[in-house]
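This report concerns only the one structure given below.
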Amino acid sequence: MVEVVKTVTVNKFNDASIASSKADMIAIEMPVALVYNGISHVVMMATPKDLVHFAIGFSLTEGIIQSPNEIYGIEIQTSVKGVEVHIELSSRRFMGLKEKRRNLTGRTGCGICGTEQIDEVCKLLPQLPLLSQISLANFTGSLKYLKQVQIVGEQTGCTHAAVWLDLNGEFIAGFEDIGRHVALDKLLGYRAKQTNQQGIILVSSRASYEMVQKAANSGIEILLAVSAATSMAVEMALQCNLTLVGFFRGEKGVIYSGKERLNN
């Protein structure tokens with residue numbers, strides 16, 4: 001059975017004072033490939049449980065099948081890199097799938113839809129330098145900037161936000177979107193056109209795989225997230241030397257990696 005949570009060592013801080021290391025639990029996030037009749041169709045980032053139900057539901061909602069009876073078998077294969085769910089379709093449905101196969105990139109609920117092979121997910125990220133240092137005391141009031149940029153969110157309660165702050169905690173720019181990674185993409189696109197690109201990123205969501213990947217690939221050294229971090233996010237942050245903080249509430253949070261960039 002594949003684990004769905006894991007224990008990691010973290011440092012918590014309260015009133016900008018960093019406490020000693022302790023154990024904490026994070027949710028497992030891993031790539032799950034849906035393979036139809038031997039052909040990988042899509043890779044989704046998911047919690048590795050109830051995957052048979054997921055395979056059937058995805059097949060139905062995507063119009064790949066019209067009835068579960070058109071699936072003749074489901075086999076789950078696990079590896080160190082992820083999970084492959086092998087689905088045997090009826091010949092008629094498989095022919096229909098090949099005819100209308102399309103790129104799924106852009107879904108708000110998935111960071112890497114359209115990626116067809118698990119190996120494509122597990123790419124090395126650049127090693128980040130240690131150029132940024134911040135004082136946590138300067139960021140205790142930062143959450144207000146998330147609300148500041150959520151104009152649609154204020155009306156609908158339906159958006160995430162990503163904001164760019166300088167190393168003193170002052171607001172530079174921010175964007176919102178119904179997809180957390182889309183909001184981050186917008187912000188990083190804006191930042192890429194600026195002469196001075198120093199600063200940190202604060203997001204209103206959890207810190208999952210694609211959020212760390214996007215930040216690291218853009219040279220962001222410090223990522224603060226309002227919600228939890230997933231297992232793959234923590235592993236990737238450690239790999240590329242990114243400072244990752246989850247459950248950020250201004251005056252407190254959980255440091256998963258890169259504590260050396262943070263001061264009281």
Side-chain angles (χ1 to χ4, degrees), residues 1-10 23-36 38-59 61-62 64 71 73-88 103-126 160 179-182 184-185 203 205-217 223 225-247 254-258:
M1 181 179 294
V2 180
E3 294 182 345
V4 296
V5 296
K6 69 178 294 185
T7 302
V8 296
T9 300
V10 303
D24 201 2
M25 301 295 291
I26 57 175
I28 296 290
E29 177 189 46
M30 65 170 54
V32 176
L34 299 184
V35 183
Y36 291 91
I39 297 178
S40 186
H41 178 65
V42 67
V43 177
M44 313 285 277
M45 299 308 297
T47 300
K49 64 177 294 189
D50 301 323
L51 295 181
V52 171
H53 296 313
F54 168 59
I56 296 171
F58 180 90
S59 300
T61 59
E62 288 298 312
I64 296 170
I71 293 178
I74 298 175
E75 180 182 357
I76 297 173
Q77 298 179 1
T78 62
S79 70
V80 295
K81 292 184 177 179
V83 179
E84 288 185 347
V85 182
H86 289 262
I87 305 157
E88 184 184 355
N103 191 325
L104 300 178
T105 302
R107 297 245 170 138
T108 61
C110 169
I112 55 169
C113 295
T115 301
E116 295 182 351
Q117 302 294 336
I118 284 178
D119 284 346
E120 294 178 40
V121 179
C122 304
K123 295 179 180 178
L124 291 177
L125 292 176
H160 282 294
R180 62 189 185 279
H181 30 73
V182 179
L184 181 56
D185 278 338
V203 295
S205 66
R206 71 181 183 274
S208 53
Y209 162 88
E210 75 274 12
M211 305 298 276
V212 169
Q213 183 188 53
K214 290 175 185 294
N217 280 333
L223 176 64
V226 167
S227 191
T230 65
S231 64
M232 187 173 285
V234 175
E235 291 163 11
M236 194 148 284
L238 290 168
Q239 171 194 312
C240 67
N241 196 32
L242 178 140
T243 296
L244 178 61
V245 176
F247 295 109
V254 176
I255 305 167
Y256 293 102
S257 61

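These numbers come from the heavy atoms of this one structure, side chains and all, not from hydrogens, waters or symmetry mates.
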Legend entry - Thr243 side chain vs Gly258 backbone, donor-acceptor pair below 3.5 Å: yes
Inset, instruction - Measure the CD1-CD distance between Ile87 and Glu75 for me, rounded to the nearest 0.5 Å. - result: 11.5 Å
Inset, instruction - For Ala216 and Pro126, work out which heavy atoms get closest and say how close. - result: O-CG, 3.7 Å
Inset, instruction - State the CZ-CE distance between Phe54 and Met44, to the nearest 0.5 angstrom. - result: 4.5 Å
Legend entry - Candidate pair Glu62 and His41, rule side-chain contact (heavy atoms from CB on, under 4.5 Å), full reasoning: CA-CA 12 Å; Glu62 288 298 312; His41 178 65; 5.8 Å; no
Legend entry - Test item: Val203 and His160 side chains (from C-beta on) under 4.5 Å apart, heavy atoms: no
Legend entry - Basic-acidic side-chain contact under 4.0 Å: Arg206, Glu29: no
Legend entry - Short side-chain to backbone donor-acceptor contact, Ser257 and Leu242, under 3.5 Å: yes
Legend entry - Shortest non-hydrogen contact between Val43 and Pro31, atoms and distance: CG1-CB, 3.6 Å
Inset, instruction - Could you check Leu125 against Met236 for side-chain contact (heavy atoms from CB on, under 4.5 Å), going step by step and ending with a plain yes or no? - result: CA-CA 8 Å; Leu125 292 176; Met236 194 148 284; 3.0 Å; yes
Legend entry - Non-hydrogen side-chain atoms of Glu3 and Ser231 separated by less than 4.5 Å: no
Inset, instruction - Could you give me the CA-CA distance, side-chain angles and deciding distance for Ser205 and Met211, then say whether side-chain contact (heavy atoms from CB on, under 4.5 Å) is met? - result: CA-CA 9 Å; Ser205 66; Met211 305 298 276; 3.7 Å; yes
Legend entry - Worked verdict on Tyr256 versus Leu238 for side-chain contact (heavy atoms from CB on, under 4.5 Å): CA-CA 8 Å; Tyr256 293 102; Leu238 290 168; over 6 Å; no
Inset, instruction - Return yes if some donor-acceptor pair links the side-chain N/O of Ser79 with the main-chain N/O of Lys81 below 3.5 Å, else return no. - result: yes
Inset, instruction - Mind listing the closest non-hydrogen atom pair of Pro48 and Val4 along with its distance? - result: O-CG1, 4.0 Å
Legend entry - Gap between atom CD of Glu210 and atom CD of Gln213 - 0.5 Å precision: 8.0 Å
Legend entry - Straight-line distance of Thr230 OG1 to Ile26 CD1, nearest 0.5 Å: 6.5 Å
Inset, instruction - Provide the closest heavy-atom pair for Ala229 versus Leu244 in the form atom of the first, atom of the second, distance. - result: CB-CD2, 4.0 Å
Legend entry - Heavy-atom pair of closest approach, residues Ala55 and Tyr36: O-OH, 4.3 Å
Legend entry - Leu51 side, atom CG; Ile74 side, atom CD1 - distance, nearest 0.5 Å: 10.0 Å
